[in-house]
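Order of listing sets the numbers, starting from 1, for every ligand and every atom in it. The structure displayed is predicted, hence computed values, not measured ones.
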Amino acid sequence: MMTKSQTLFERAKRVIPGGVNSPVRAFGSVGMNPRFICRGQKDRIFDEDGKEYIDFVGSWGPMILGHCHPAVTESVEQAVREGLSFGAATRREVEMAELICEMVPSVEMVRMVNSGTEAVMSAIRTARGYTGRNKIIKFAGCYHGHTDAMLVKAGSGLMTQGIPGSAGVPEGCTRDTLTAIYNDLDSVRELFAANPGEIAALIVEPVGANMGVVLPEEGFLEGLRGICDQEGALLIFDEVITGFRLAPDGAQGYYQITPDLTTFGKIIGGGMPVGAYGGRKEILSVVAPLGNVYQAGTLSGNPVAMAAGLAQLKILKDTPGFYDDLNRKSDAFFREMDRILTDGKVPHCLNHVGSLGCVFFTEQKVRDYTSAQSSDTEAFRSWFSYLLERGVYTAPSQFEALFLSGVHSEEDLAKVLQVVRDYVK
Ligand SMILES: *Cc1c(COP(=O)(O)O)cnc(C)c1O
């Protein structure tokens, strides 16, 4: 007999491409069928067949307070009763912008959008408008949403122009996107040297969290800051994952490096579709209606979305020791997982920082896209399905992060570690 999830997936495949509204949800890379989720509570999610999981996806990051946090739910309920959308200026947008600017000092002005993709697209347009230059540098393995210019496959040589990494993206859209190697400052210097005075901005995930988890090595982010200053290019931190995740002021606070522009998403929406981009006032002043960089959105700053995000950010700001506790708990969890895998002689590399972590099944130290690719994805598959069957829900892809939340209990984390112990046996 088919499970309810299987039945739904069959129905979905008839009317939605691949049965899903975002590719990784299809469980394609692990060769399985997706579980359809109907409910969440704190660190648990429940599927249509009544199976319960300890959740390490957290909607890919937004649920840092766990599912159905009462303050977030109440704030949303209040907003819903007042009207879903007006397409006019509202109080919550002002409060949201003030709160982001207060929590992240490098952000003096911020514009709300509806996704991380939109935030990046708009930040890049702003950087180009501000500098009057066209070229952008990104890093292989960093994901910045699905906007045309960011869907670039790294060419074989660094000097080659960007080759589209997706069908449907004309070469013209990626010609100005150059690709460097994560944790390799020389690769960045070479690109600047080959394109003097032409680079508008360099965009980076300050912690790589879309090729598994790859940490910036000592001096890497600092080096990027120095090079951008020297070359008159803007430094954009894509903090769609790391923003309000590693610290109240994101990776820029955690590593003490100040970018010119920052993009946000995921956590700032509390589970609603929200993105934002911000930075120095002088730069954001080129955005319409102040300046001549056009950017707009019918539902941007939506009252319900703002209500969810505001409630979540206020809790993150006002709960004493929230990040210390979360990071300490996560650190202990990932260290113990690492120790169990090492003792069990499982070839692996466990990268983690704060509440983000990833197990690569490789003997190599993973520090960039190439070393991430050395992971044995067959080994990942067996790891993933073992965990899933035992009620531990992780991302169905090797190249994604594990996300912990403030409500993952010591008890549940201990249960997961026991599952890992059983796995290595
Ligand atoms: C998720 C993500 C995006 C895209 O955000 P969407 O809301 O999915 O459009 C951009 N950048 C990074 C670093 C992300 O993790």
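Only side-chain heavy atoms of Asn210 come within less than 4.0 Å of ligand 1; its backbone N, CA, C and O stay farther off. The part of His144 lying near ligand 1 is the backbone, judged by heavy-atom distances below 4.0 Å.
The pair Arg225-Asp260 meets the salt-bridge criterion, since a charged nitrogen lies less than 4.0 angstrom from a carboxylate oxygen. By the 4.0 Å N-to-carboxylate-O rule, Arg92 lies close enough to Glu82 to be salt-bridged with it.
With distances taken over non-hydrogen atoms, the option nearest atom 11 (N) of ligand 1 out of Val113, Asp238, Val207, Thr117 is Asp238.
Of all atoms in ligand 1, numbered sequentially from 1 with element shown, those under 4.0 Å from a heavy atom of Ser115 are 7 (O), 9 (O). Residue-ligand proximity, Ile241 to ligand 1, at heavy-atom distances under 4.0 Å covers atoms 15 (O). The Glu205 neighbourhood of ligand 1 comprises atoms 13 (C), with distances under 4.0 Å to a heavy atom of that residue.
Between Phe237 and Tyr255, the ring centre distance reaches or exceeds 6.0 Å.
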Query raised in the report: Is there a side chain to side chain contact (heavy atoms under 4.5 Å, CB included) between Leu284 and Tyr277 once you walk through the steps?
Result: CA-CA 9 Å; Leu284 269 288; Tyr277 66 103; 4.0 Å; yes

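Under the side chain to side chain contact (heavy atoms under 4.5 Å, CB included) rule, Phe139 has a single partner from Leu202, Ile181, Thr179, which is Leu202.
Scanning the protein heavy atoms around atom 7 (O) of ligand 1, the nearest turns out to be Gly116 N, 2.8 Å. Of the protein's heavy atoms, Lys266 NZ, 3.0 Å lies nearest to atom 14 (C) of ligand 1.
A heavy-atom distance below 4.5 Å is not found between the side chains of Val20 and Phe27.
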